[in-house]
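Reviewing the structure listed below.
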Amino acid sequence: METQSRQGLQNPGYLRGKGENGYYAGEAALTERRVGKGRVLHLGRAFSGNSLPELLTYAGVLSPFMELIEADGSDAELSLRQKNGRYFLFVLNFRPVEISFILKKKMRFLYHEKEVSGPQTLPAFGTAVYEVL
């Protein structure tokens, strides 16, 4: 008899991998199912750092800010916040040296209230907040 929770998993989009009798056959399996406006991904394997970039690339979230900024993720922490329909990009430099990055869209640098784009720098342990225009 099929349970209520299993009924929700009927006919998932089978993306890759092999299975035998309900078990994995030496290869990871990935399924996808649309739910409302989103989707659910199920990765059937022991999770490892090696699979993370591939999974995040497939989900479209490996580089969520790539339309806004080009920056080395090991140099800076990036976050995007929204308030009252406005978007704000935060850039934090955790390194003891100056870092460089490129703003791909025109933004307002809130510390000096001026519009900027293109190559930018942040001093050691510096921060910047931009309003996305």
Side-chain angles (χ1 to χ4, degrees):
M1 177 181 233
E2 196 167 65
T3 66
Q4 182 69 23
S5 61
R6 283 190 54 126
Q7 288 176 355
L9 294 177
Q10 287 179 348
N11 301 319
Y14 188 73
L15 302 174
R16 63 179 280 195
K18 299 176 183 177
E20 294 176 1
N21 300 324
Y23 293 95
Y24 305 110
E27 184 178 325
L30 178 64
T31 62
E32 177 178 7
R33 184 168 158 269
R34 298 281 176 192
V35 178
K37 293 181 181 180
R39 59 189 177 160
V40 176
L41 297 174
H42 175 81
L43 177 63
R45 71 168 285 170
F47 193 76
S48 72
N50 296 338
S51 61
L52 186 59
E54 184 179 351
L55 183 61
L56 294 178
T57 298
Y58 177 81
V61 296
L62 181 62
S63 301
F65 306 114
M66 66 188 302
E67 293 178 8
L68 300 175
I69 186 170
E70 184 178 315
D72 183 346
S74 64
D75 286 345
E77 178 181 317
L78 307 174
S79 62
L80 190 66
R81 302 283 188 259
Q82 177 187 12
K83 184 173 182 179
N84 299 326
R86 298 166 59 196
Y87 289 88
F88 301 92
L89 176 67
F90 291 75
V91 183
L92 310 173
N93 178 7
F94 289 110
R95 300 201 54 205
V97 297
E98 180 178 270
I99 62 168
S100 300
F101 55 94
I102 300 170
L103 295 177
K104 295 182 175 181
K105 292 187 174 189
K106 190 172 278 192
M107 300 187 195
R108 180 174 295 112
F109 182 46
L110 296 183
Y111 295 173
H112 300 292
E113 290 296 326
K114 66 179 187 177
E115 290 185 7
V116 295
S117 63
Q120 307 292 313
T121 59
L122 266 183
F125 304 109
T127 65
V129 181
Y130 301 94
E131 179 181 4
V132 180
L133 300 176

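Note: hydrogens, waters and symmetry copies are ignored here, and every other heavy atom, side chains too, is used. From a predicted model like this one, the values you see are computed outputs, not experimental measurements.
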Test: K104 and E67 ion pair at under 4.0 Å:
no

Name the orientation class of the two ring planes belonging to Y130 and F101 (parallel below 30°, tilted from 30 to 60°, perpendicular beyond 60°).
perpendicular

Residues pairing under salt bridge (charged side-chain N to carboxylate O under 4.0 Å, His left out) where one sits in residues 118-127, two or more places apart or in two chains, turn out to be none

In sequence, state the C-alpha distance, the side-chain angles, and the governing distance for L68 and L78, and then conclude on side chain to side chain contact (heavy atoms under 4.5 Å, CB included).
CA-CA 11 Å; L68 300 175; L78 307 174; over 6 Å; no

Audit row: V129, V91, side chain to side chain contact (heavy atoms under 4.5 Å, CB included) steps and yes/no
CA-CA 6 Å; V129 181; V91 183; over 6 Å; no

Students should find that the hydrophobic cluster of F94, defined by side-chain heavy atoms under 4.5 Å apart, otherwise consists of L92

Using 0.5 Å steps for rounding, measure from the [atom1] atom of [X] to the [atom2] atom of [Y].
| X | Y | atom1 | atom2 | result |
| --- | --- | --- | --- | --- |
| S79 | L89 | OG | CG | 7.0 Å |
| E98 | N93 | CD | CG | 8.5 Å |
| I102 | Q120 | CD1 | CD | 9.5 Å |
| R108 | K106 | CZ | NZ | 10.5 Å |
| E115 | E131 | CD | CD | 9.5 Å |
| T127 | Y111 | OG1 | OH | 3.0 Å |

For Y87, is the OH atom crowded, meaning more than 12 foreign heavy atoms sit under 6.0 Å from it?
no

For E70, I'd like to know if atom CD has over 12 heavy atoms of other residues, nucleotides or ligands within 6.0 Å.
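Not more than 12 within 6.0 Å, no.
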
Quick one: are I99 and T121 in side-chain contact, heavy atoms under 4.5 Å?
no

Just wondering, do L80 and F88 contact through their side chains at under 4.5 Å, heavy atoms?
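No - every pair of side-chain heavy atoms lies 4.5 Å or more apart.
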
Should L110 and L133 be regarded as members of a common hydrophobic cluster, given that ILVMFWY residues are connected when their side-chain heavy atoms come within less than 4.5 Å of each other, either directly or indirectly?
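No; tracing contacts between hydrophobic side chains, which count when under 4.5 Å, never links both residues.
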
Do R81 and F90 pass the side chain to side chain contact (heavy atoms under 4.5 Å, CB included) test, and can you show the C-alpha distance, the side-chain angles, and the key distance before you say yes or no?
CA-CA 8 Å; R81 302 283 188 259; F90 291 75; 3.6 Å; yes

